[in-house]
Amino acid sequence: MARIGIEAVNAYCGSAWLPAEELFTARGLDHTRLAGLGLVGKGVVLPDEDVVSLAATAARPLARDDIRTLVVATESGVDMSKSVSTHVHQLLGLPRQCRLFEVKQACYGGIAALQAAAGLVSVEPGSKALVVAADVPAVTRGEYIEAGQGCGAVAVLVGDQPGVVELSLGDSGCYGYELADFLRPGPDVEVVDTDLSLVSYLDSLLGAFADHCDRVPGTDIVTGFDMLAMHTPFPGMVRGAHRTLLRKLSDLRPDAIAEDYRARVEPSTRLPATAGNIYSATTLLAMLSAIGHRPSTRDQVLGVFSYGSGSAAEFIRCVVPAGATAVLPDLSARTRLSVPEYDRFLDRTRLLGQGARDVPVEVRTEWPGRAVLTGISGYQREYAWL
Amino acid sequence: MTAEEALELLRANVLAVLDGVPDAVPPDQVVAESTLADLGLSSLERLDVLVGSLDDAGLSPSVDVLDGAHTLAELAEVLATATRAW
C-alpha cells in the first residue's frame with residue numbers, strides 16, 4: 001500500500017484573542033476552576049470573518065494547482081445546501097477539476113475529513129487533497145464553556161509524500177452511537193449536557209481504542225506510542241481521559257501516570273489551551289501542537305483520538321517521520337482584546353451565521369494577511385483578501 | 001451491589017472530591033436527593049465522582065449508566081442495576 005498522509009499543515013487561530021482569566025473575572029466565574037480546565041485564552045473571530053474566511057486564511061499557504069479534492073469540515077456551515085468548500089475553492093483560485101464537499105460530525109469532522117481525503121488519494125495515485133477544518137462556535141455567554149470556545153481553522157495537504165504525518169490506513173478504531181450530549185439546532189444556539197458529554201468522551205475513547213486493538217492485536221497504550229493527541233475541548237478533559245485510559249489499561253501508579261501525561265500528552269494541549277476549542281479543527285490542532293513541540297530525529301508513533309458529540313469517535317495510529325517539521329502558528333502575534341471589545345465583536349458575529357441576509361460588513365484593514373467577508377447581499381456572501 | 005451500597009459508594013467518592021474543594025458543602029448535606037451540580041462540583045469534579053464510582057464498582061465509563069440519572073439516589077439505582085447485569 002502506498003504511503004499516504006499529511007504533506008504540509010497550517011493553522012489560523014484568529015487575529016485576536018482574550019485571556020481566560022479576564023473573561024472569568026468579567027463573568028463572575030470561579031477562578032479556582034481555571035487551573036483544572038487548563039485554559040489560557042481563546043481566539044476571537046473578527047467582525048469581518050466567518051467560517052469561510054477562517055478556512056481560506058488557514059489553507060492559503062497550502063494552495064497549489066494540482067489539488068484534486070477540497071473538503072471542509074465544519075459545524076458552522078453558512079448554507080444548508082452549498083458547501084463552504086465552494087467559497088474556499090474560489091478564494092484560493094483552485095482549478096475547476098476539483099472535487100468539492102463539506103463534512104459535519106461535531107468535533108470529529110476534521111478527522112473524518114482527513115480519513116475521507118486519504119481514502120480518495122489512495123484510489124487516485126499521485127493526487128493531492130486539501131482538508132480544512134474550521135469552526136465559529138455559538139458562544140454561550142456567562143457559562144464556563146465560554147472560556148474554551150475559540151475560533152479558527154487547520155488546513156492539511158494530503159498526498160503520497162507524507163513528510164509531516166504518515167497515516168496507517170485501515171486499522172483505525174471507530175466507536176459511535178446516538179446521543180444528545182451536544183446539539184446545535186441553529187447557527188447561534190448550543191445546547192450541551194456537560195456530564196453526559198464528558199462521560200461519553202471517556203466511553204468513546206475506551207471503545208475506539210479497543211476497536212483499534214482488535215485490528216492491531218498486541219497494541220499497548222504505554223509502549224506503543226511516543227506521543228498522544230486527543231480532541232481538546234479544554235486541556236483538563238484530556239488529562240482526565242489519559243488518566244482514565246491508563247488506569248484501565250496499564251499498571252502505572254498515579255505519579256507515573258502524571259509523568260506520562262507530561263511527557264507524551266501535554267505538548268499536544270499547548271496550542272488548544274491558548275487557541276480555545278475550534279470544534280472540527282481541534283484534534284488536528286492537537287496533532288500540530290504535538291508534532292511542533294516534540295521534534296525528533298527519529299520516527300515517532302503518534303496516537304490520535306477524535307471525539308465528536310452526537311456521537312462519533314475514532315482512534316488512529318500514525319507515524320511522524322524523523323525530522324518532520326510543522327510550523328506552529330504565532331499566537332503571540334494576535335491582538336489582545338478587552339472584554340467589552342470582545343462582547344462587541346460577539347454581537348456582530350451573531351449577525352453573520354447561517355441564514356444571514358443583507359448584512360453590511362465593516363472590513364477591518366488593521367488586521368492584514370487574511371481573507372475577509374466584505375458583505376452579504378441577499379443571501380450571497382462576498383469575500384476578498386486583505 | 002445493592003442500591004444502598006451504591007449510594008454509599010457515590011457518597012464516598014463525592015466526599016473525597018469535596019475534600020479538595022474550597023467552600024465545599026458540609027458532608028451532612030451530601031444526601032440521596034442531591035445532584036452533583038447542587039453540591040457545587042465543577043464538571044471535572046463531577047467526572048471524577050462518576051468515573052471513580054464506576055471504577056470502584058468494576059464498571060467502565062458508559063453513557064448507558066449515566067443517561068437520565070441526576071440525583072445520587074438515581075445514580076445509585078442505575079449503578080446497582082448495572083453491577084447486577086454485569
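Excluded from the calculations below are hydrogen atoms, water molecules and symmetry mates; all remaining heavy atoms, backbone and side chain alike, are included. Note on naming: letters A, B, ... go to the chains in the order of the sequence lines (proteins, then strands), and numbering restarts at 1 for each one.
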Drop me the distance from A/L37's CG to B/S42's OG, to the nearest 0.5 angstrom. 7.0 Å

Side chain, backbone, both or neither: which part of A/S200 has an atom under 4.5 Å from a heavy atom of chain B? both

Examine whether an atom of A/L198 lies under 4.5 Å from a heavy atom of chain B, and if so say whether it belongs to the side chain, the backbone or both; otherwise answer neither. both

Give, as side chain, backbone, both or neither, the part of A/Y201 having an atom under 4.5 angstrom from any heavy atom of chain B. neither

Closest non-hydrogen contact found for B/L44 with A/G36 is CD1-O, 3.2 Å

Between B/L59 and A/K248, what is the shortest heavy-atom contact and its length? O-NZ, 3.2 Å

Heavy-atom closest contact (B/P61 atom, A/T244 atom, distance): CG-CG2, 4.0 Å

A quick test of your reading: do over 12 heavy atoms of other residues, nucleotides or ligands sit less than 6.0 Å from CZ of A/R141? yes

Do other residues, nucleotides or ligands put more than 12 heavy atoms under 6.0 Å from the CD atom of A/E22? yes

Part of A/Y144 lying under 4.5 Å from any heavy atom of chain B: neither

Hey, which of B/L50, B/L41, B/L54 has the most heavy atom pairs under 4.5 Å with chain A? B/L41

So do B/D48 and A/R243 actually touch side chain to side chain, heavy atoms under 4.5 Å? yes

Distance check, rounded to the nearest 0.5 Å: B/S43 atom OG versus A/M237 atom CE? 9.0 Å

Should B/L47 and A/L202 count as side-chain neighbours, where that means a heavy-atom distance under 4.5 Å? yes

Does atom CG of A/D251 have more than 12 heavy-atom neighbours from other groups under 6.0 Å away? no

